Colleague: 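Dropping the structure in here first, questions after.
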There are 2 protein chains.
Amino acid sequence: MILGIDIGGANTKLASSDGSHTEIHYLPLWKSSLLPEVLKDIASRHKPEAVGVVMTGELADSFSDKDEGIQYIARAVEEAFADVWYIDSSGTPAREAKRSAAAANWAASAVLAGRDFGDCIFADTGSTTTDIIPVVNGAAACAKTDLERLCRGELIYAGALRTNLAALMDRVELRGCACRISSELFAITGDVYLLLGHISAEAYNCETPDGSGKDTGSARRRLARVVCADIHELSDEDLISIAEQAKQKQVSELAGALSGCAGKWKLERVVGCGLGEFLIEEACAKAGLGFTSVSQEYGHDISVVFPAYAAARIVSEKCF
Amino acid sequence: MILGIDIGGANTKLASSDGSHTEIHYLPLWKSSLLPEVLKDIASRHKPEAVGVVMTGELADSFSDKDEGIQYIARAVEEAFADVWYIDSSGTPAREAKRSAAAANWAASAVLAGRDFGDCIFADTGSTTTDIIPVVNGAAACAKTDLERLCRGELIYAGALRTNLAALMDRVELRGCACRISSELFAITGDVYLLLGHISAEAYNCETPDGSGKDTGSARRRLARVVCADIHELSDEDLISIAEQAKQKQVSELAGALSGCAGKWKLERVVGCGLGEFLIEEACAKAGLGFTSVSQEYGHDISVVFPAYAAARIVSEKCF
């Protein structure tokens, strides 16, 4: 078995190169030191011949800089596995985890998307961020660092689960007013999409902001706090409206970035994956772009771990 | 001695009615259960004849709703002190902590500001939030709940210390681009104002987002993470520019809200206090409004605990 491993700040994801096996481990690197143990456990359970590794977790603020993060992750990987390939921002596997391996899980995805779908915009909305990668002549044409991608609209730091609503919105329309909102971490996009029925309680795999349940009642209570209210100060319509407005804000941001990328690179089709694939689909409809669903092509389980799957495929097929 | 106590979500503040003594205890209610002990310690050290209590901490998301928060706070107060007055949103002391005592520390301040300064806009930028209270005919003319005040621009949920930069801004101008920013809790307004020299490391009394130091070097590192960068990916000018943009965004929001309030109530003068008094002063200059500094009138120590001081004064002078 060839395994792909995508080590993010919040989640470590696995996929086998044949797509038959996937795993998602919620493992927040900024507060946990369990990565070495989790990787050793994966190694002992699966005994892979080789692993393809991509990472974004080096940005976690428990590391003083990205080099420290890369070294920590590489050490944990190499203590667990013998045959390791790192896939960096060029999409090429290497034996060593170089600086160019930082924040490059999108590069593996773009290589595979280019091979399987041809030129397109590859978009991946995960728990925390959204990658928007122009794939031109089979290669990723985006900038190579997070900073440059943020500047170019190729990275939107908002996802379908962990994003603080205070970071997504300034105000909500409520009873005819543009109501300001709290800046605390009172509710996240996971609460919005749980309440609107887009994700399950099982998919909501991070902690809730208040430590309480992953049921829709608790999500309503968290959404009410965003406008400093108890749940009984708002109607259910108010709460659904707040959730819908958060969703529309996220879809609009995404549609704008996809349109910009499509115009710049003369691309008309988006290949979308991730826990927030539904957001990409809605953004494409809004932006008038074609949409190909990775869930439909490969199944939902692969869609939510696509960079790991791509890393496994790249290593297994030696397409480098 | 008559003591005023302002029990917020993040800080519990004290002032004596003669203004000779003040204390600030960083005591985040959402993760600490130390309030009863801290209040008993205050009682044993000061042995006040009476206490005037105002609160905002009932919104902490460790409480399922505000009533639970009010009861928790009131129980802690009454176990520590014998002669207790709660000042509610009407500005009137009462023996019982009623629902109207929720989120009403501004009410005590407005009563005192009205007596000492006449009709004005009373503005208090604390660590976490900003109250903008029209004082008309000596009484607060604002809405009575946080939800209504958010709708009317009388509460801006941004302060001089704890506000996540991701909640304050969408993008920063960087090297000619409108650069998107991370939605993580990577840096707070305390980092901005520490770096710009507006607050001291001592005034930065909450935890840093990454748990590291309260020096300007660490603040720079946190600001760099806001655009997903290591410190060496940005120049010092870039970092100062990010901090200045955060400040200008906060000042602009404040100026807009003050202008709206001034126009609505035909008020021309702002009385400003709090850790972020400097922001109110700049916002008044921007909005063309007169500014009276509570720091200059009563001293800096009173300015940063003004609601507690006002509560103490109200109880000591029985001005009800």
Side-chain angles (χ1 to χ4, degrees), chain A residues 9 30 59-67 102-103 128-129 145-153 155-159 162-168 170-172 174-186 209-212 221-222 224-225 227-234 253 257, chain B residues 9 30 59-67 102-103 128-129 145-153 155-159 162-168 170-172 174-186 209-212 221-222 224-225 227-234 253 257:
Chain A
W30 63 91
L59 183 64
D61 68 3
S62 47
F63 306 121
S64 65
D65 60 23
K66 296 176 190 175
D67 288 330
T128 307
T129 60
T145 69
D146 276 356
L147 173 59
E148 291 167 318
R149 293 199 302 127
L150 284 169
C151 282
R152 287 164 57 153
L155 169 59
I156 302 178
Y157 210 112
R162 291 185 55 253
T163 305
N164 187 346
L165 288 209
L168 192 60
D170 284 330
R171 288 165 171 76
V172 290
L174 198 64
R175 303 171 185 175
C177 288
C179 182
R180 289 168 195 270
I181 67 173
S182 164
S183 58
E184 303 287 356
L185 179 60
F186 277 153
D210 60 358
S212 78
R221 191 175 301 119
R222 289 189 286 272
R225 279 196 197 100
V227 289
C228 299
D230 277 349
I231 201 162
H232 68 76
E233 295 179 73
L234 296 171
E253 282 285 329
Chain B
W30 64 91
L59 183 64
D61 67 3
S62 47
F63 306 122
S64 65
D65 60 23
K66 296 176 192 177
D67 288 329
T128 307
T129 60
T145 69
D146 277 356
L147 174 58
E148 292 167 317
R149 294 199 301 126
L150 284 169
C151 281
R152 287 164 58 154
L155 170 59
I156 302 178
Y157 210 112
R162 292 186 54 252
T163 305
N164 187 346
L165 288 209
L168 192 61
D170 285 329
R171 288 165 170 77
V172 290
L174 198 64
R175 303 170 185 176
C177 288
C179 182
R180 289 167 195 271
I181 67 173
S182 165
S183 57
E184 304 286 356
L185 178 61
F186 277 153
D210 60 358
S212 77
R221 190 175 301 119
R222 289 189 286 272
R225 279 196 197 101
V227 289
C228 299
D230 277 348
I231 201 162
H232 68 74
E233 295 179 73
L234 297 171
E253 282 285 331

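Residue numbers begin at 1 in each chain, while the letters A, B, ... track the order of the sequences. Note that the structure is predicted; figures quoted are calculated from it, not measured.
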Colleague: If I measure from the heavy atoms of chain A, does R152(B) come under 4.5 Å with its side chain, its backbone, both, or neither?
Modeller: neither

Colleague: Report yes if some heavy atom in the side chain of E253(A) is under 4.5 Å from a heavy atom in the side chain of D170(B); otherwise report no.
Modeller: no

Colleague: Against chain B, label L185(A) side chain, backbone, both or neither, depending on which of its atoms sit under 4.5 Å from a heavy atom there.
Modeller: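 When you check distances to chain B, only backbone atoms of L185(A) fall under 4.5 Å.
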
Colleague: Looking at P209(B), G176(B), S64(B), which has the largest count of heavy-atom pairs under 4.5 Å with chain A?
Modeller: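 Going by pairs under 4.5 Å, I would pick S64(B).
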
Colleague: Should R180(A) and E148(B) count as an ion pair when the cut-off is N to O under 4.0 Å?
Modeller: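 Here R180(A) does not pair with E148(B) in a salt bridge, since their nearest N and O are not under 4.0 Å apart.
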
Colleague: Is chain A contacted by the side chain of I181(B), its backbone, both, or neither, given a heavy-atom distance below 4.5 Å?
Modeller: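 When you check distances to chain A, only backbone atoms of I181(B) fall under 4.5 Å.
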
Colleague: L150(B) and side-chain contact (heavy atoms from CB on, under 4.5 Å): which single residue from C177(A), S182(A), C228(A) fits?
Modeller: C228(A)

Colleague: Counting only non-hydrogen atoms closer than 4.5 Å, does R171(B) touch chain A with its backbone (N, CA, C, O), its side chain (CB onward), both, or neither?
Modeller: side chain

Colleague: What part of A229(B) gets closer than 4.5 Å to chain A, counting heavy atoms only: side chain, backbone, both or neither?
Modeller: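 A229(B) touches chain A through backbone and side-chain heavy atoms alike.
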
Colleague: Under 4.5 Å from any heavy atom of chain B, what part of L165(A) do you find: side chain, backbone, both or neither?
Modeller: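 Interface part for L165(A): neither.
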
Colleague: May I ask you to test the S62(B)-D210(A) pair for a side-chain heavy-atom distance under 4.5 Å?
Modeller: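 The answer is no, as the side chains (C-beta and beyond) never meet within the 4.5 Å cut-off.
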
Colleague: Keeping D230(A) on the side-chain end and K66(B) on the backbone end, is there a donor-acceptor pair under 3.5 Å?
Modeller: yes

Colleague: Rounded to the nearest 0.5 Å, what separates atom CZ in R221(A) from atom CG in D61(B)?
Modeller: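 R221(A) CZ to D61(B) CG: 11.0 Å, rounded to 0.5 Å.
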
Colleague: So for R222(B), is it side chain, backbone, both, or neither that comes closer than 4.5 Å to the heavy atoms of chain A?
Modeller: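 Contact with chain A: none, neither part.
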
Colleague: With side chain to side chain contact (heavy atoms under 4.5 Å, CB included) as the criterion, how do E233(B) and D65(A) come out once you've worked through the C-alpha distance, each side chain's angles and the decisive distance to 0.1 Å?
Modeller: CA-CA 11 Å; E233(B) 295 179 73; D65(A) 60 23; over 6 Å; no

Colleague: Is the backbone N or O of A167(A) less than 3.5 Å from a side-chain atom of S183(B), with the two atoms forming a donor-acceptor pair by type?
Modeller: no

Colleague: Answer whether the closest heavy-atom distance between the side chains of D146(B) and V227(A) falls below 4.5 Å.
Modeller: no

Colleague: Under 4.5 Å from any heavy atom of chain B, what part of R149(A) do you find: side chain, backbone, both or neither?
Modeller: neither

Colleague: Hey, could you give me the CD/CG distance between E184(A) and N164(B), rounded to the nearest 0.5 Å?
Modeller: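 Answer for the CD-CG pair, E184(A) versus N164(B), is 9.5 Å.
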
Colleague: Working to the nearest 0.5 Å, report the span between CH2 of W30(A) and CZ of F186(B).
Modeller: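 Separation between the atoms: 8.5 Å.
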
Colleague: What are the two closest non-hydrogen atoms of R225(A) and F63(B), and how far apart are they?
Modeller: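 Nearest pair, atom of R225(A) first, then F63(B): NH2-O, 2.9 Å.
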
